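Just so you know, these numbers come straight off a predicted model, no measurement behind them. Letters A, B, ... mirror the listed sequences (proteins, then strands); counts begin at 1.
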Amino acid sequence: MMSERISFYDQIRNNKIKSVLLISLIIIVFFILGYFVSYAFTPDYFFIIMILSIIISIFYVVIGYYKSDKIALASVNAKPALRSEYSQYYHIVEGLTIASGIPMPKLYVMNNEQINAFATGRDPKNSIICVTTGALKNLNKQELEGVLAHELSHIANYDIRFMTLTAVLVGMIAIIAELFLRSFWFRGSSDRDNKGNMILILIGIVFAILAPIVVRLIQLAISRKREYVADASGVKFTRYPKGLADALRKIEKDHPTENKKINKAVAPLFISDPFKRKIQGLFSTHPPLTERIRILERM
Amino acid sequence: MVLWTIFIIAAVLVIIFIYYYNRFAILGNRIDNSLAQIDVQLKKRADLVPNLISAVKGYMKHEKSIMTNVTEARKALLSAKDMPSKIKAGDNLQTALKSIFALAENYPNLKANENFLQLQQELSAIEDKVAYSRQFYNDNILDFNNSIKIFPGKLFASLFNVKGRPYLEIKESERAVPKVKFE
């Protein structure tokens, strides 16, 4: 029991450190990207572009930090849940906040037939839980409680800050890298005569290709591990592993549907992969459901 | 040089002392706070009882004894002074309420009453919350007791004279569904 406690608090500290590391990493990536972009296009205005890219990256991180929850909610088209309409949803989350001692999150609902849910925000005081209408319709009380406890432990463990930040920042790096690469399709090489210049530009291109992939791999590896931890600490709140296990089983049987409305960047936020990809590996956002159910059944 | 070493050791000792003193204080406060949460939920339950009685009164004319049971249990809860007796009274009230809901099965009109259904849902949610607040209380007791039983916390606990605190017992008999006589 003691070791479980320690690992629980360690997890929170780890997440806080990782969030800081991630933000610094992102700023560095922005910095390097800015360097190559300015070098490739306008060496004359090198300093101005560098300073601009630093200002933009800091500005972007600050906005990402404070607005990422709103961006995530808007990208899946979620609406605030009305207390009168979703009283059971409210009752369950209120009970779980008492069991976990964390503040009440804001509750949202997204219109989707799939059984799914996610949590977002920057800390437990500014947190949001969102479930699909499919989850509210198809899960019984114990199952819904298991799923919501899983989401609440993402909040309690400070997973939400880290995951939401990465979701927003990884998306941005991908966009900038892609813009940089595409710009070469529309440009001749007439104004580049210097050989050293060419090498730098080549390094820039390689960097622009690799940066989003590497950042994404890091994000996914962390995301998969986090799901197991959230399953375990969610059960600590409900003391009923069967609820979550049954819910995961229902999710497993759920028919895979096209989810064009959900942006791929926010996939790691959900309790199960909204795209239902069958192949497991480096690029999976979630660990296999069967494995999660197996672990829950042993609790 | 020796003076400095002594000074540093003393400073470290003071910091460790302060750390443990504060740790016990924080963990103890958490326990008191979670105890207050149990109280809040019990109070909410008591507050809903008059509404339930007035919703049910018209339908259950022949169940006077159960109504008085509930009203009495509520009075006992509101007049309870210390926490153990409050918790006990809360359990009694829950048992009395359960017999009302069990009896309601015999009254189809009552079961169709929107107001009654809402109160039933509300009260069952409060039952969950009472259980969760007790669980949280016991979790905090566990943290506190661990911190004073495990070395080196044990050392400081005896220095500051901090004692372990008892868990809230939840009796099996109180969790059972009450038997209701039908006449």
Side-chain angles (χ1 to χ4, degrees), chain A residues 1-13 81-105 107 124 136 140-153 155-157 232-241 243 299, chain B residues 23 26-45 48 90 94 114-154 164 167-168 170 175:
Chain A
M1 200 62 200
M2 192 60 190
S3 69
E4 185 191 306
R5 279 276 144 159
I6 286 170
S7 69
F8 180 68
Y9 286 114
D10 277 354
Q11 184 72 17
I12 294 173
R13 204 181 49 229
L82 293 175
R83 206 195 164 89
S84 51
E85 203 176 337
Y86 300 102
S87 57
Q88 197 191 34
Y89 182 17
Y90 271 89
H91 285 317
I92 291 177
V93 177
E94 280 165 0
L96 289 169
T97 55
I98 291 169
S100 56
I102 66 171
M104 181 75 184
L107 302 185
L136 292 172
N140 68 28
K141 193 187 158 224
Q142 278 76 29
E143 291 160 355
L144 190 61
E145 200 165 35
V147 167
L148 291 171
H150 170 103
E151 296 310 331
L152 215 63
S153 48
I155 294 173
N157 296 352
S233 40
V235 168
K236 210 188 89 208
F237 301 150
T238 62
R239 305 281 151 98
Y240 190 66
M299 280 181 191
Chain B
R23 192 172 148 80
I26 288 169
L27 291 177
N29 282 345
R30 256 188 226 159
I31 294 173
D32 297 340
N33 185 36
S34 51
L35 200 62
Q37 182 62 251
I38 301 178
D39 202 20
V40 166
Q41 296 305 330
L42 289 177
K43 179 88 183 19
K44 273 191 191 163
R45 178 187 280 165
L48 281 177
Q94 183 61 33
E114 194 126 321
N115 191 17
F116 173 76
L117 283 178
Q118 209 206 325
L119 282 165
Q120 186 173 23
Q121 199 196 24
E122 202 86 26
L123 281 163
S124 94
I126 287 180
E127 193 184 354
D128 286 348
K129 285 171 194 169
V130 169
Y132 274 137
S133 58
R134 287 173 163 195
Q135 178 185 308
F136 187 54
Y137 177 81
N138 280 345
D139 282 349
N140 286 329
I141 294 268
L142 175 75
D143 276 350
F144 183 76
N145 288 352
N146 273 344
S147 76
I148 65 172
K149 291 240 170 72
I150 290 170
F151 190 82
K154 197 179 166 66
Y167 289 96
L168 271 181
I170 300 164
R175 297 197 132 189

Segment of Ser100(A) engaging chain B (4.5 angstrom heavy-atom cut-off): backbone

Name, in order of residue number, those residues of residues 86-95 of chain A that have a heavy atom at a distance of less than 4.5 Å from a heavy atom in chain B; otherwise write 'none'. Ser87(A), Gln88(A), His91(A), Glu94(A), Gly95(A)

Look up atom CG in Asp128(B) and atom CG in Leu96(A), then write down how far apart they are to the nearest 0.5 Å. 9.0 Å

Might you point out which heavy atoms bring Glu145(A) and Tyr132(B) nearest each other, and give the distance in Å? OE2-OH, 2.8 Å

Given a strict heavy-atom distance threshold of 4.5 Å, which part of Gln118(B) is in contact with chain A: side chain, backbone, both, or neither? neither

